[in-house]
Every structure is written in structure tokens, then in C-alpha cells.
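Notes follow once the structure below has been shown.
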Amino acid sequence: MTETFTSVSQEEAGFRDRVRLSFDLDADICVIGAGLAGLSVALEAARIGASVAVLEGRHIGWNASGNQLGTVMPGFALPLADLIERIGFEDARELWALSKEGAELVRANATEENMPGIGLSDGVLEVSNVDAGDRLISRLQMLNEDFDTEVEGWQVDRVRELLRTDRYFHGVYYPKAFQVDGRKYVHGLAALARRAGARIFEDTPVVSIDHSGIRKRIVTPTARLRATHIVLAGNIHLGAPLRRLSETLLPVWRYAGVTAPLGERLHEIIAFRGSVMDSDGVDHFRIVDGDRLMWESPETTWAARPQRFAGAVRRRIRTIFPELGNVEITDMFGGATGQTVHGMPQIGQLRKGLWVASGFGRQGMNTSAMAGQMIARSILWGDERWRLFSPFELVWAGGATGRVAGQLVGMWGRASSAVAGSLARYREHARARDRVREARLAEANRAAGTGPRRPPSSVRPRPVPPPKPAAQDTEQGGEQGTEPAAHEAGISR
Ligand SMILES: Cc1cc2nc3c(=O)[nH]c(=O)nc-3n(C[C@H](O)[C@H](O)[C@H](O)COP(=O)(O)OP(=O)(O)OC[C@H]3O[C@@H](n4cnc5c(N)ncnc54)[C@H](O)[C@@H]3O)c2cc1C
């Protein structure tokens, strides 16, 4: 159902007194958590006509949802090649199409009319840290032809024309991916949900639920609520209401910083206007406010003050763009993402009337919008598309041991990608040195009247590489095997 909304005022956009639930209430749907996931469910369900109450323990967008970069891409945190391997080509295509729909839902919400100052702009570039042109071509073909996604392959020269660094090689440009002001988006979503009739209560942690009956009971320190459906959208902080669900997520804190204004030189060094992310999932950045750089980089599996990582962000910027020198970081922020063992989000019905929407990892913008629509439509219209996520059951993430292992896997991934990047750059420099040496040799031979005995390697015919059996995706994404089962089956260890 499409509805027209008038724009969100400052007050509605989050700068209003928080309302705590202090009286008992009845609703069709109770959503726990006012992050992107909970608000997306609330907006869609309220638009369709359900009575919805959202209970938020802190405030809207308190965690990752209010501290993210606002890049909107198709796909999931799990790389596409792994998705295909896991569930087969046809199902992967359906899931990919849903993820694209999610991105389009965000676009439809994030208009200037709905969310003034949201600053939507098109175009996202994924750059490779290694020289992997052939892999890129098969990936481009697959995305374009089989997954109906508009992408362009950029040669190294083009990437380096727009990003002055020798760290990046080829690029995949997504003209239809886009970015918005991430913080404004979550508050805008809350305002749209309120407009549609949802009631949002902040400072209202849910301490327990009883989901056994038809009318379910939800308990907060100050009030009780009864609802036919509960949607668990608390991400890693859900806690007491269903602790075993939180334990299926590996918390990963991600941090980002914004530099002081850098002036015109920033545009000389970074001429690309949209978001840039590297194919190993290490760096993610874009220019904001005209001449500041917003840069997301380090991650940990424990909570820390984002300010602690200002030095790490500054060093990372200097490593990638040495010409920028030592930039000043004026603002740091971050939040915890919930990563599942298999890398795919948890979307579906656990028991009759008990729903889950979490585990969106570092790609939550499009996927939470998609989840919100599917869950609301399933509750109200019987839409069964969420069952496509059933192969990705709830798997215990390993508790404290899991976190340590997660950190080690993350460090290994980063270290090996750094080594691969150094090797690629070394080979590139070596090739350049060879070309110079061969040109000098040829020149010397010409001068001596002997002529080159064999053409320099740069003009020698190259061997044709064997065809790749399947496209490879170079994104990072820890993955372990899991048992296939429907969500309704519960949590496996
Ligand atoms: C630095 C950073 C940059 C990112 N950049 C991007 C990006 O550019 N693009 C992208 O697609 N994704 C990005 N992400 C990922 C994205 O932010 C997350 O996937 C998404 O925000 C997860 O939303 P969520 O609603 O599931 O969780 P959360 O944002 O964690 O929201 C859950 C909410 O539930 C509340 N809650 C929990 N338990 C209870 C309870 N018992 N009672 C009441 N309330 C409760 C919490 O207080 C919280 O507010 C980024 C993340 C980070 C950290």
C-alpha cells in the first residue's frame, strides 16, 4: 500500500521528549527495539492498518542504526558466491531480488519531502585491494545477466583517476546504489511510523515475555502490554526476553570517524562522490559536508569507546591516501552489529506469533527494510516469502569463546588481505620496473645496431587464462557450516 506523507519536522525527527510506557496497553503487534529493523516492521504494519507499539530500552537509533554510514546496496553481508553455494542459484536469485526491493523501499522512504536534509545521492564504488581483473569480469557478468543488477567494471586507471592511491585496483560501480544521512534516516523512519499510527515508547526496556498464549504478555519495569504478535528486533542487546536468541549473534562493534574540513585538496585526492568500500570489508568511506571525510574502519568483538579509535582511523586514512597526511578526526561514533554464524539475517517466525528480525551484520539498511516489509505482510496478509530464509537457521554463535574466535578470524582476514594487497602492489611495481629495464635494453640494442632479440614483455602475447568455473566474491564474511532447518525449529548448537 502506498501512502503520501508530509515531511518530518525537527520535533518528529527525534528531537522531542521521549515517551516512556507507564500504563498497560493492548496492541496487535508489539515490536521490541527501535533500530532500523523494529522501525521498518512498525512502519509497514502501521501503514497496512495494524495497531503497533514499539518498545525501546534506550532511545531511537541508540545502537548501530543511529551510528552507521547510510550506504544502501543490494545484497547481504554474506557474499553472493557463498550464498549461491549455500542454497543454489535459483533461491539465491530470489533472495537477491528481495534485497534489491529492500534498497528500493529505503529510496522510497528517504525522499527530501519525507525526511528533509536526508541528502540521498547515487552511486557506490566497490574497489579491489588486489589485481583481480579476471575475477571481476565473471562477477560483473553474473550480476548484470543473472541477477539483474546494473553494474559497471572500472579499470585500474579509472579507479585511480578518481581515488589517488595505489592501494586499489579494479572497481565495480553500482550506479543505482546510493547513500543517505544514516542518522537522519533512522529518526525519519520513526517519524514516518508515528505518522502511520505506530506508538513508540523509549526508555522502556522489555524485561520478559510470555509468548505461550494467543495473546502474548510483554513486561517492562513500568507497564505490561498484551499483543497477538511480538517482533524481536533487539539485535545483540535483546537479553532477558529471549537470551538464547541473543546468543545466536556474534557482536561486532564497528567504528567510524569524521575529519575536520580538509578543503579543496580532498577533492583532488578523492574525486569520487559516493561511498567507497573495499572488497575485503576493511574500509568504507565517503565525503560529507562538502570537504570532510567520513571513514569507517576498525572493528572489535568487545565494546569500547569509539573515541579510542580516532588514531586508528587517522592512520588508516594516511595509509590509503598518504597525500592527505595526518588529518584531524573531530567526531567518532560506532555501534554493535549482530553477525550470524552463516552471515545471513534472521527473518521469520519462531513460534506462532513470535517473530524475529535481526542479524543484519554490516549491511542493515536494505535488509532490515526488506525484513520489515516481509514480516508485516506475513502477519497481516499471509505473505510467506520469509520462508526463503529458512535454510539459515538460528545457530548458537559460541558465547565468549565464539567472540574470541570471531576476533581471531577477523584479524586473520584483515592480515591476509593486507598481505594480498602488498603483493599485488609489489607485482605492479615490479612490472613497471621491468618495462623500464626492457625499454632501456631495447634502446641500447637499437643504438648498438643489434635490435631487440625478443619483444618486451609488455607487448608479448599473453597466455589466455583458463575460464573461471564460477564467479568469486572477494568480500570478507566468516562462514561455518550449519544444519539446514526451518526457523520454527528453534536454536541449534
Ligand atoms: C559504524 C557502522 C557503520 C555501518 N554502516 C552501514 C551502512 O553504511 N550500510 C548498511 O546497510 N549498514 C551499515 N551498518 C550496519 C547497520 O547499522 C546494522 O545492520 C543495523 O543498524 C542493525 O539494525 P537493528 O535494528 O537490527 O539493530 P540495532 O540498531 O542494534 O537496534 C536494536 C534496538 O533494540 C533495542 N533493544 C534491545 N533489546 C531490547 C529490549 N529488551 N527492550 C527494549 N529495547 C531493546 C536496542 O536498545 C536498540 O536500540 C553499519 C553499522 C555500523 C556500526
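For ligands, and for the atoms within them, numbers begin at 1 and follow the listed sequence.
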Legend entry - Validation row, ring centre His284 to ring centre Trp295 under 6.0 Å: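 No: the rings miss the under 6.0 Å criterion.
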Legend entry - Output field: ring centroids Phe285/Phe321 closer than 6.0 Å: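 Yes; Phe321 has its ring centre under 6.0 Å from that of Phe285.
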Inset, instruction - Using a strict cut-off of less than 4.0 Å between a Lys/Arg side-chain nitrogen and an Asp/Glu carboxylate oxygen, indicate whether Arg387 and Glu384 qualify as a salt bridge. - result: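 A salt bridge is present here (some side-chain N lies under 4.0 Å from a carboxylate O).
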Inset, instruction - May I ask you to say whether Arg58 pairs ionically with Glu202, meaning some side-chain N is under 4.0 Å from a carboxylate O? - result: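 Answer for the salt bridge query: no.
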Legend entry - Within 45° cone of Phe309 ring axis and under 6.0 Å: Arg254 NZ or CZ: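 No - Arg254 does not lie over the ring of Phe309 by the 6.0 Å and 45° rule.
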So, 4.0 Å and heavy atoms of [X]: is ligand 1 close enough to count as a contact?
X: Ser358; value: no
X: Gly239; value: no
X: Gly361; value: yes

Legend entry - Under 3.5 Å: N/O of Gly38 near N/O of ligand 1: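 It does not: no N or O of Gly38 is found under 3.5 Å from an N or O of ligand 1.
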Inset, instruction - Could you tell me whether some N/O pair between Met365 and ligand 1 is separated by less than 3.5 angstrom? - result: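 Met365 vs ligand 1: N/O contact under 3.5 Å present.
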[X], portion touching ligand 1 at heavy-atom distance under 4.0 Å:
X: Val72; value: neither
X: Asn67; value: backbone
X: Gln179; value: neither

For [atom], find the nearest protein heavy atom and state the residue, atom name and distance (0.1 Å precision).
atom: atom 13 (C) of ligand 1; answer: Arg362 O, 3.2 Å
atom: atom 40 (C) of ligand 1; answer: Ile32 CG2, 3.6 Å
atom: atom 21 (O) of ligand 1; answer: Ser65 OG, 2.9 Å
atom: atom 5 (N) of ligand 1; answer: Leu69 N, 3.2 Å
atom: atom 32 (C) of ligand 1; answer: Ala233 O, 3.5 Å
atom: atom 26 (O) of ligand 1; answer: Phe360 CD1, 3.5 Å

Inset, instruction - Scan Glu150, Glu104, Glu152 and name whichever one has a salt bridge (Lys or Arg N to Asp or Glu O under 4.0 Å) with Lys176. - result: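 Exactly one candidate clears the test, Glu150.
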Legend entry - Step-by-step side chain to side chain contact (heavy atoms under 4.5 Å, CB included) determination, Thr71 to Met365: CA-CA 7 Å; Thr71 306; Met365 285 290 282; over 6 Å; no
Inset, instruction - Taking atom CZ of Arg217 as the centre, report whether more than 12 heavy atoms of other residues, nucleotides or ligands fall under 6.0 Å from it. - result: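 Incorrect, the count does not exceed 12.
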Legend entry - Numbered atoms of ligand 1 (with element) below 4.0 Å of Val206, judged on heavy atoms: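 Selected atoms, number and element: 40 (C), 41 (N), 42 (N), 43 (C).
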